Chemist: 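Here's a structure for you.
Everything numeric here is computed off the predicted structure, so don't read it as measured data.
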Amino acid sequence: MTQQRYREIAEWPLMATALVFLAAYAWQVIGHVEGSPGDLLEVLMWSTWAVFVADYAANLWLAENRRRWFVRNLHELLVVALPVFRPLRLLRLVTLLSVLHRTIGMTLRGRVVAYVAGSAVLLVFVGALAVLDVEQSAPGATILTFGDALWWSITTITTVGYGDMFPVTAIGRTVAAALMMSGIAVLGVVTASIASWLIQRVEENTEAAVESAEEPMRSEILELLAEVAALRQEISELRHKDDI
């Protein structure tokens, strides 16, 4: 078993686990679930976290150079080592994006568009859940419902920021900063994709224009070459007659 083979096998189970975690977390945050149902959701989320820990351990064990993989994937260790930090635990949901990126099977631009669209939707939803989780019970909070959190998340990721709602806790502001940086990154990818498309269109139009402009010249050159060949043939025949 190689690390690459393990990742291919674990892709879809991990995505299903991430979806289960997202559903349980959203239900707990939005529904204010308490008592036995809340305990059940808590057990479910800890179970999914255990799966993520096992995934990290398997990747570390199967890595060709474990020390190098460990150093290059410190963020993965951070995610599995701080499960009590709920907004950070949601970073495991990037599994959805990695699976999406590997399973689209379209052109590069198609992958970029799908990846950006999926990233934007997931970031908005996860950001809303994360900030609502830490803000809804904080003194002086302005984000009290999921609708408020969703509106705040959209205005934040688009870097609009009306200021009508804002986080008052340290964790909430950390989520806001991460969401703003993510919004700038997503916008950059969209801009780069559009610029690439425009450049390709300009190159295609330029090549077509050059070819259409060169076509008459090519025809004239071919005609001239044919005439030169004919003249050479006539000159050769005349010389042959003179020699006779």
Side-chain angles (χ1 to χ4, degrees), residues 1-29 33 37-108 110-131 133-134 170-171 174-175 177-179 181-182 184-186 188-189:
M1 174 68 71
T2 63
Q3 187 182 42
Q4 181 61 33
R5 177 57 179 163
Y6 166 76
R7 288 181 174 180
E8 293 174 356
I9 296 173
E11 274 181 5
W12 292 103
L14 281 176
M15 188 178 72
T17 304
L19 287 173
V20 170
F21 176 85
L22 177 60
Y25 185 77
W27 190 3
Q28 185 184 60
V29 173
V33 181
D39 295 338
L40 180 62
L41 290 176
E42 206 56 47
V43 170
L44 186 59
M45 286 190 292
W46 278 102
S47 300
T48 59
W49 174 77
V51 173
F52 298 144
V53 172
D55 172 62
Y56 176 84
N59 275 288
L60 180 59
W61 179 260
L62 294 173
E64 292 184 3
N65 189 324
R66 294 174 187 170
R67 179 175 297 180
R68 180 184 300 174
W69 190 90
F70 175 80
V71 172
R72 292 183 177 180
N73 294 272
L74 288 176
H75 63 284
E76 293 283 344
L77 177 62
L78 187 64
V79 169
V80 299
L82 299 176
V84 294
F85 192 14
R86 287 185 177 178
L88 186 60
R89 286 190 300 173
L90 290 175
L91 290 176
R92 281 305 305 180
L93 293 172
V94 298
T95 303
L96 295 172
L97 298 181
S98 63
V99 171
L100 177 64
H101 177 70
R102 290 194 296 264
T103 57
I104 289 175
M106 297 187 296
T107 62
L108 177 60
R111 289 200 300 271
V112 169
V113 171
Y115 190 87
V116 169
S119 298
V121 172
L122 186 60
L123 285 170
V124 167
F125 186 67
V126 168
L129 287 177
V131 79
D133 187 17
V134 298
I171 296 178
T174 302
V175 172
L179 202 56
M181 294 299 102
S182 301
I184 294 172
V186 169
V189 172

Chemist: Kindly give the heavy-atom pair with the smallest separation between Leu123 and Leu179, and that separation in Å.
Modeler: O-CD1, 3.6 Å

Chemist: Quick check: closest heavy atoms across Tyr6 and Ala54, and the distance to 0.1 Å?
Modeler: OH-O, 4.5 Å

Chemist: Would you say the side chain of Trp61 lies within less than 4.5 Å of the side chain of Gln3, judging by non-hydrogen atoms?
Modeler: no

Chemist: Not counting sequence neighbours, which residues clear side chain to side chain contact (heavy atoms under 4.5 Å, CB included) with Asp39? List them please.
Modeler: none

Chemist: If you take all heavy atoms of Gln28 and Gly38, which pair is closest and at what distance?
Modeler: NE2-O, 4.1 Å

Chemist: Heavy atoms, side chains only, cut-off 4.5 Å: are Leu22 and Leu129 in contact?
Modeler: yes

Chemist: Checking Trp27 now: which residues fulfil ring-ring contact (aromatic ring centres under 6.0 Å, His included) with it, not counting sequence neighbours?
Modeler: none

Chemist: Find the distance between CD (Gln4) and CD1 (Ile9) and round it off to the nearest 0.5 Å.
Modeler: 10.5 Å

Chemist: With under 30° as parallel and over 60° as perpendicular, where do the rings of Trp69 and Tyr56 fit, or are they tilted in between?
Modeler: tilted

Chemist: Take atom CZ of Arg72 as the centre, draw a 6.0 Å sphere, and report whether it contains more than 12 heavy atoms from other residues, nucleotides or ligands.
Modeler: no

Chemist: Given Phe21 and Val51, is the side-chain contact (heavy atoms from CB on, under 4.5 Å) satisfied, shown in steps?
Modeler: CA-CA 11 Å; Phe21 176 85; Val51 173; over 6 Å; no

Chemist: Just do the side-chain contact (heavy atoms from CB on, under 4.5 Å) check on Asn59 and Arg7 with the steps written out, would you?
Modeler: CA-CA 8 Å; Asn59 275 288; Arg7 288 181 174 180; 3.1 Å; yes

Chemist: Go through it in stages, so that I can follow the logic: the residues are Leu41 and Tyr25, the test is side-chain contact (heavy atoms from CB on, under 4.5 Å), and I'd like the CA-CA distance, side-chain angles, deciding distance and then a yes or no.
Modeler: CA-CA 8 Å; Leu41 290 176; Tyr25 185 77; over 6 Å; no

Chemist: Determine whether Val175 and Val134 satisfy the following criterion, side-chain contact (heavy atoms from CB on, under 4.5 Å), listing intermediate values before the conclusion.
Modeler: CA-CA 10 Å; Val175 172; Val134 298; 5.5 Å; no

